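Because the structure is predicted, anything quoted here is derived from the model rather than measured.
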Amino acid sequence: MTNEAIQEGSAPDPFSMFSSQNSKINYTYNKIREVKSYRVGELFSAYRDILWDDGRHKYNVSSFIGEIDEILLGERFSAIDQSTLDNLIGTLRQRGNSNATINRKMAALSKLLRKAYKMGDIHSLPEFRRQKERAGRIRFLEREEEARLFAAIRTRSEDAYRLSVFLVDTGCRLGEALGLIWNDIQEHRVSFWITKSGRSRTIPMTERVKEVIKLPPTEGRRPKGPFTKLSQAQFRAIWNEAKAEVGLGADDQVVPHILRHTCASRLVQGGIDIRRVQMWLGHQTLSMTMRYAHLATNDLDGCVVVLETPRSEESPRGAESSVFSSPLTAASTPKRGQTGEAGAAKPAKASGKSSKAK
C-alpha cells in the first residue's frame, strides 16, 4: 500500500485506488444523506414560488396538487412508485376527469417531483405517460354573435368593451392583455412580453385595435397600461352577465378564451397559412395550431370539381385537364396540331417556299 492510497482521516482501503503503468484511479466516497418522507402538499409549499409565477395558472396548479394530496390521503413518501401513480390516474378518471384534464394535473405533479428529485428530497421518479386526448370541437363567435355580445358588454363597461375588441383582433390571452404597459405599444405594433410559453412576440394592430387602446380623456393620473383598470375577476363577471343577456348563458364554451379561438379561426378561414397563425398566436408548437387546420377548406375546393365532373366529360389526357396538374406537366404536353418544337417550325418554312414558287 502506497502513501497515496492513505487518505487523511480515513483508514486504508484496498479498493480505494487502482494503479497500473498507464492509469491511476482514485475512488472517493460522499457522505450518506438520510432520505426523509414528505407529503405532496409539503413539497408544493416548498417549491411553488420557484416553479410557478403568480397568476391564474399557479392558482390552478395549487388546486391540482391539493386534490392529488387528498387522493393520496396525505401519505408521506420518499418516492412515488408506478402503481401509486397508476392508482392516482384511475381515481381521477373515476371522478369524471377527461384525459386532457388528467394530463394537466399529471404535468403539475411531474414538474414538482422532478424538482424534489433534483434537490434530493425523493430518491426516484415514476414514468409519466401522457393520456391520449381527443380533438374536441372548437367553438368560435360568428360576426353577429360578436356584435350582440360586445354591445351588451359595452352597456356595462367601456373598459371591458375595449378589452374585448382587443382580445378578438389580437388573439392574445386575457392575462397577456391585462399585463400590457404603454411601452409595449409602438406605432402600429404591440409586443407581448409576459406570455404563457415564456416567449415574447410582436404583432401588428388592426385599425379598431388602434382605436380601443386609446383611453378616453379622464382626470387624474394615467394608468400604467391600456387595460390595467380591470382585473380578470371583474372582466369575467361583466362577460358572464352580458352573455346571459344575449342568450348565450347556457353555452359553457362562451368564455373569454373564445375570443382567442375566434381570432385564430378567422385567420385560417381567411387563407393565412398555419405557420403564420402559429407565430401570431404565440403557440410553442405547431401541433397546437393544427387544431384550426380543418377550417382551411379553401385548399380542398379543387377536390369537389374533380368529384362532380362526370366520367364522360373527363379528358383522356387527365394530366392536362386536371385542376391539380403540374404546370411543368401541362407545358410539356403537346397541343393538337403540334408535333414538337422541330415539327412546329418546319411546316412554316415550307409554306413560305411554296408561295414563292407559285
Side-chain angles (χ1 to χ4, degrees), residues 52-61 63-64 97-101 103-105 107-108 133-143 145-150 152-153 156-157 159-180 190 192 194-199 201 203 206 209 212 226-227 230-269 274 277-295:
W52 291 280
D53 294 330
D54 291 336
R56 185 173 181 82
H57 181 60
K58 184 176 181 179
Y59 174 81
N60 291 336
V61 169
S63 64
F64 294 163
N97 287 226
S98 66
N99 282 356
T101 302
N103 283 336
R104 288 196 295 270
K105 293 179 179 181
E133 299 182 19
R134 292 182 178 180
R137 180 181 290 107
I138 297 178
R139 173 79 159 89
F140 55 89
L141 294 178
E142 302 290 348
R143 297 283 182 178
E145 289 178 317
E146 177 193 310
R148 289 190 293 116
L149 180 59
F150 283 12
I153 291 175
R156 289 166 170 78
S157 169
D159 289 333
Y161 165 75
R162 294 189 304 104
L163 177 56
S164 299
V165 172
F166 185 87
L167 291 173
V168 78
D169 272 15
T170 63
C172 73
R173 301 175 181 88
L174 179 56
E176 293 173 349
L178 294 177
L180 283 176
V190 56
F192 300 102
I194 305 173
T195 65
K196 182 179 179 181
S197 64
R199 300 178 180 178
R201 70 184 185 281
I203 62 172
T206 64
V209 165
V212 297
F227 308 112
L230 285 171
S231 66
Q232 287 205 24
Q234 291 172 333
F235 179 73
R236 292 179 188 279
I238 295 170
W239 175 278
N240 291 333
E241 290 178 5
K243 86 168 190 175
E245 179 185 324
V246 298
L248 297 173
D251 194 335
D252 58 0
Q253 294 190 62
V254 181
V255 295
H257 198 73
I258 197 177
L259 300 179
R260 181 169 167 84
H261 291 319
T262 301
C263 178
S265 301
R266 289 175 182 174
L267 289 173
V268 174
Q269 289 174 325
I274 291 295
V277 176
Q278 178 194 9
M279 295 172 62
W280 185 280
L281 297 176
H283 282 157
Q284 195 165 7
T285 61
L286 188 60
S287 61
M288 300 176 68
T289 319
M290 288 300 294
R291 295 178 298 172
Y292 307 100
H294 69 283
L295 298 172

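The heavy-atom pair separating H283 from T289 by the smallest distance is ND1-OG1, 2.8 Å. Closest approach of I258 and R139 over heavy atoms only: CG1-O, 3.3 Å. The shortest heavy-atom contact between G282 and R173 is O-NH2, 4.4 Å. Contact record, I203 with T170: CD1-O, 3.7 Å, taken as the closest heavy-atom pair. When all heavy atoms of W280 and R201 are compared, the pair lying nearest together is O-NE, 3.1 Å. Scanning both residues, T285 and Q278, for their nearest heavy atoms gives C-NE2, 3.4 Å.
The main-chain N or O of L281 is found under 3.5 Å from a side-chain atom of R260 such that the two form a donor-acceptor pair. Without hydrogens or angle criteria, W239 side chain to A160 main chain gives no donor-acceptor distance under 3.5 Å. Here the side chain of T262 pairs a donor or acceptor atom with the backbone of L141 at under 3.5 angstrom.
Atom-to-atom distance recorded for E146:CD and F140:CZ is 12.5 Å, nearest 0.5 angstrom. The CZ atom of R291 sits 9.5 Å away from atom OG of S265, with the distance rounded to the nearest 0.5 Å. Here the CD1 atom belonging to I274 is positioned 10.0 Å from the OH atom belonging to Y292, to the nearest 0.5 angstrom. We find the CZ-CG distance between R162 and L230 to be 8.0 Å, quoted to the nearest 0.5 Å. Remark: R236 CZ to K243 NZ distance equals 11.0 Å, nearest 0.5 Å. How far CG of L178 is from CG of L163: 5.5 Å, rounded to the nearest 0.5 Å.
In this structure, L167 and F227 have side chains that are not in contact, with every pair of non-hydrogen atoms separated by 4.5 Å or more. In this structure the side chain of W52 never reaches within 4.5 angstrom of the side chain of N60, judged on heavy atoms.
Under a cut-off of 6.0 angstrom, the local environment of CE in M288 is crowded, with over 12 non-hydrogen atoms contributed by other residues, nucleotides or ligands.
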Next on the checklist: Assess the residue pair F235 and S157 against the criterion (side-chain contact (heavy atoms from CB on, under 4.5 Å)); give the C-alpha distance rounded to whole Å, side-chain angles, the decisive distance to 0.1 Å, and a yes or no.
Outcome noted: CA-CA 9 Å; F235 179 73; S157 169; over 6 Å; no
